[in-house]
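Below: the structure, in structure tokens.
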Number of protein chains: 2
Amino acid sequence: MKKYISILKKTKLFAGVADEEIGAMLSCLDARLREYKKGEYVLRQGEHLNHITVLVSGELHIQRDDYWGNRSIVNRIAVGEMFGEAYIAPESGALLNDVIAVEDSAVIFFDVRRIITVCSSACRFHSMVVQNLFFAISEKNRTLVQKLGHISKRTTREKLISYLSEEAKRQNSTSFTIPFNRQQLADFLSVDRSAMSNELCKMRDEGRLEFKKNYFRLLKD
Amino acid sequence: MKKYISILKKTKLFAGVADEEIGAMLSCLDARLREYKKGEYVLRQGEHLNHITVLVSGELHIQRDDYWGNRSIVNRIAVGEMFGEAYIAPESGALLNDVIAVEDSAVIFFDVRRIITVCSSACRFHSMVVQNLFFAISEKNRTLVQKLGHISKRTTREKLISYLSEEAKRQNSTSFTIPFNRQQLADFLSVDRSAMSNELCKMRDEGRLEFKKNYFRLLKD
DNA sequence: TCTTTTCTGTTGTAAAAACAACCGACTTAT
DNA sequence: ATAAGTCGGTTGTTTTTACAACAGAAAAGA
């Protein structure tokens, strides 16, 4: 677990906490490391979670498969990001989604109650972690609202425009790469892949954008 | 500002805080009231927000403009609801949307840092407000994920089933009322009203459910 | 009460998406 | 190197949705 301290140091949860303090807090917060192979489930819909988790290696998708096999990717978790913050409150119900490793991954679990209950002794930085958690949940809400903005658009084209515009703004450039392949992007936007691919090509032919694999460039009319 | 205390009392932010304490906390939290005429911007895309806001009168729309200038309404804020909780973190960055008053409105701004930094003296209920905010954000997060679950369904029928099933579970009964009229439900699920109405009636004719106005009853197959 | 407005259901048509099937390019594994 | 698998684009068909227009019912207002 110690080899991941350098990664934890860069996470939102431990922002501002000194290196040597993180090591001390690992036991204080009852941290546990688990590793997953690509394709393996980290958590399943319906389970109860009372841990905050941080991804320290690999990549995860928060997703949901319905009865008919349609998959929707709710969110993507990159190294250093956390999940499970929405289930902190004791009265939070079961998990609403699956969490799956899309690459070989490593996850550290922290006991929620140990985090929100400020410990008496060692952890000088504990209150900072609590505040960091506060900020992280806030941040997550923001990304969810953004995503709702995308998929609440009526047509595939509008969803693409919404998503790509957002990404361009976020990366502060009209050319950028996205963290999805076509199928994943379709799942993220909750549309059919081939229809989406078709729409992308139409927009390209209309001169609205260019792309090559996951590289995109938006063009003025 | 005092005339809005009765409204603040009913908000999630001040749940469990005594009336007389709210008055005291207004200054503690550096509360500021601002009023807006219909059509006036409350906040603009690109601004930085370091306040939690509560709408105490009127109605707001959260709007977004995409890269090509197309405008869409992302969300609606009703009296008593909060806005800005997604921008608590200092690194949240600029607002991604405009917030505009669609009626004459009144908004109370609370300094974020004053809320999350527990004050030393007077505010006996301060820690309760902090916890309220914590749970409010967490709950909003889950609500957003649930809504994503509904509208990421491919067909109008599936969206309806997803939403109505959820509502039945939440109200713990197969018969229940929903807080929307048809147009609002269609907007909530991001579908066309008439198409949705049509689909509802088909399901009724198939014997899957009954409804009358905003009262619904789900039936076994 | 009577009028006006809003709400809901209904229908037909045009547009869009889902679906399925296929192909070539590219990557990965043996 | 070759086989197997993945990925992205394309096309045609079927299903679904959006849109527009209208009418009766219900609600709100005068």
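To find a chain, count down the sequence lines: A is the first, B the second, and so on, and within it residues start at 1.
- Aromatic rings of Tyr215(B) and Phe176(B) (six-membered ring for Trp) have centroids beyond the 6.0 Å cut-off, not under it.
- Distance, Met203(B) CE to dT16(D) P: 13 Å, rounded to whole Å.
- Atom CD in Glu210(A) sits about 18 Å away from atom P in dG8(D), given to the nearest Å.
- Ranking dC7(D), dA16(C), dT10(D) by closeness to the Thr155(A) side chain, first place goes to dA16(C).
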Mind running ring-ring contact (aromatic ring centres under 6.0 Å, His included) on Tyr41(A) and Tyr36(A) for me, showing each step along the way? CA-CA 8 Å; Tyr41(A) 281 82; Tyr36(A) 302 87; over 10 Å; no

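- Rounded to an integer number of Å, the gap from Met196(A) CE to dC19(C) P is 15 Å.
- Following rounding to the nearest Å, Arg182(B) (CZ) and dA25(D) (C1') show an atom-to-atom distance of 13 Å.
- Counting to the nearest Å, the P atom of dA17(C) and the CD atom of Glu158(B) are 16 Å from each other.
- Between dT10(D) and Asn198(A), no contact under 4.0 Å exists linking OP1 or OP2 to a side-chain N or O.
- The number of heavy-atom neighbours closer than 6.0 Å to CZ of Arg154(A), taken from other residues, nucleotides and ligands shown, is above 12.
- The nearest whole Å value for the distance from the CD atom in Glu199(A) to the P atom in dT11(D) is 14 Å.
- Between Lys213(B) and the phosphate of dA27(D), there is a side-chain N or O to OP1/OP2 separation shorter than 4.0 Å.
- Nearest to the side chain of Ser194(A), among dA20(C), dT17(D), dT10(C), sits dA20(C).
- Looking at heavy-atom distances under 4.0 Å, Phe180(B) makes no contact with the nucleic acid at all.
- Between Phe110(A) and Phe14(A), the distance from one ring center to the other falls under 6.0 angstrom.
- Taking atom NZ on Lys159(B) and atom C1' on dA17(C), their separation rounds to 11 Å, with Å as the unit.
- Side-chain atoms of Ala195(B) lie closest to dT17(D) of the nucleotides dG9(D), dA17(C), dT17(D).
- Between the CG atom of Asn214(B) and the C1' atom of dT6(C) there is a distance of 15 Å, rounded to whole Å.
- Checked by distance alone, Arg204(B) brings no side-chain donor or acceptor within 3.5 Å of a matching partner on the base of dG9(C).
- Checking dT8(C), dG8(D), dA18(D) against every side-chain atom of Ser197(B), the shortest atom distance belongs to dT8(C).
- Within 4.0 Å (heavy atoms only), Asn181(A) reaches sugar-phosphate atoms of the nucleic acid but no base atom.
- Looking at the side chain of Arg193(B), the nearest of the listed nucleotides dA18(D), dG8(D), dT8(C) is dT8(C).
- Applying the 4.0 Å criterion to OP1 and OP2 of dA17(C), one finds that Arg154(B) has every side-chain N and O outside that range.
- Both tests hold for Lys147(B) against Phe188(B): distance to the six-membered ring centre under 6.0 Å, angle to the ring axis within 45°.
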